[in-house]
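Notes follow once the structure below has been shown.
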Amino acid sequence: IRSLSRAALESRIRAARERERIGFLGEEFVFSREQDRLKSAGRDDLAGRVRWVALNDSTPGYDLLSFASDGAVRHIEVKATRKTPESDQGFWLSENERKVAEDDESWQVVRVWGVDTTPSCADLGNIVRSDSSRWTLTAGSWFVVPNEVWEMAD
């Protein structure tokens, strides 16, 4: 049993590292793309202010702070995958991300496909606030908070 548990743990660790790697590559791709987009628009001043906030803090509910070419703030949540757009079956959105998206008009998702090969992406906008019938948000888990002091089992 111990060897099975150890193997299962190691498998979970590998899977978590792989998810982290894919996310990192997607964020890196969009970060560079945002800087390039702003430079191409003649906004070097804004390109220098793009921030990869998720490198230091995962609590804001978005990964990148960027700007539209007119200077408007963009809070970008990056969702990356190795899949192609044709094989994409969706992505996870945390409750924190959903709550931020609900209240933040600057929040948007950028979906990145093919992070290991030839990355491509699309700006999906604010999928939470959108009136579009293109998206279905389905609860995938619940966070449980105790209303009283924990009782220890014997």
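In what follows, residues are counted from 1 in the order of the sequence shown.
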Evaluate the criterion side-chain contact (heavy atoms from CB on, under 4.5 Å) for residue pair L38 and S66; output intermediate values, then yes/no. CA-CA 9 Å; L38 289 165; S66 188; 3.9 Å; yes

Any pair with a residue in residues 80-111 that passes ring pair (Phe, Tyr, Trp, His ring centres under 6.0 Å), sequence neighbours left out, goes on the list, sorted by first then second residue, please. none

Criterion side-chain contact (heavy atoms from CB on, under 4.5 Å) on V112 and T81, from CA distance to verdict: CA-CA 6 Å; V112 179; T81 182; over 6 Å; no

How would you list all residue pairs meeting salt bridge (charged side-chain N to carboxylate O under 4.0 Å, His left out) that involve residues 53-68, not counting sequence neighbours? none

Side chain to side chain contact (heavy atoms under 4.5 Å, CB included) filter on E105, not counting sequence neighbours, yields R129

My understanding is that only residues two or more places apart in sequence, or in another chain, count here; which of them pass ring pair (Phe, Tyr, Trp, His ring centres under 6.0 Å) with F24? W52

Among residues at least two apart in sequence or on other chains, which ones pass side chain to side chain contact (heavy atoms under 4.5 Å, CB included) with E10? R6, R14

What side-chain donor-acceptor pairs closer than 3.5 Å can you find for residues 67-77, not counting sequence neighbours?
residue, atom, partner, partner atom, Å
D70, OD1, A72, N, 2.9
R74, NE, Q108, OE1, 3.2
R74, NH1, E34, OE1, 2.7
R74, NH1, E34, OE2, 2.9
R74, NH2, D123, OD2, 3.1
H75, ND1, D104, OD2, 2.5
E77, OE2, K79, NZ, 3.4

To which residues is L9 joined in a hydrophobic cluster, defined by side-chain heavy-atom contacts under 4.5 Å among Ile, Leu, Val, Met, Phe, Trp and Tyr, whether direct or through other members? I13

Side chain to side chain donor-acceptor pair (under 3.5 Å) filter on E148, not counting sequence neighbours, yields none

Residue pairs passing the salt bridge (charged side-chain N to carboxylate O under 4.0 Å, His left out) test where at least one lies in residues 41-55, sequence neighbours excluded: R43-D45

Checking N96 now: which residues fulfil side chain to side chain contact (heavy atoms under 4.5 Å, CB included) with it, not counting sequence neighbours? S94, V100

Tell me every residue that passes side chain to side chain donor-acceptor pair (under 3.5 Å) with S87, counting only those two or more places apart in sequence or in another chain. T84

Output the distance between atom CD (Q35) and atom CG (L46), rounded to the nearest 0.5 Å. 11.5 Å

Mind jotting down which residue pairs meet the salt bridge (charged side-chain N to carboxylate O under 4.0 Å, His left out) criterion with at least one end in residues 107-120? Sequence neighbours excluded, please. R21-D116, D88-R111

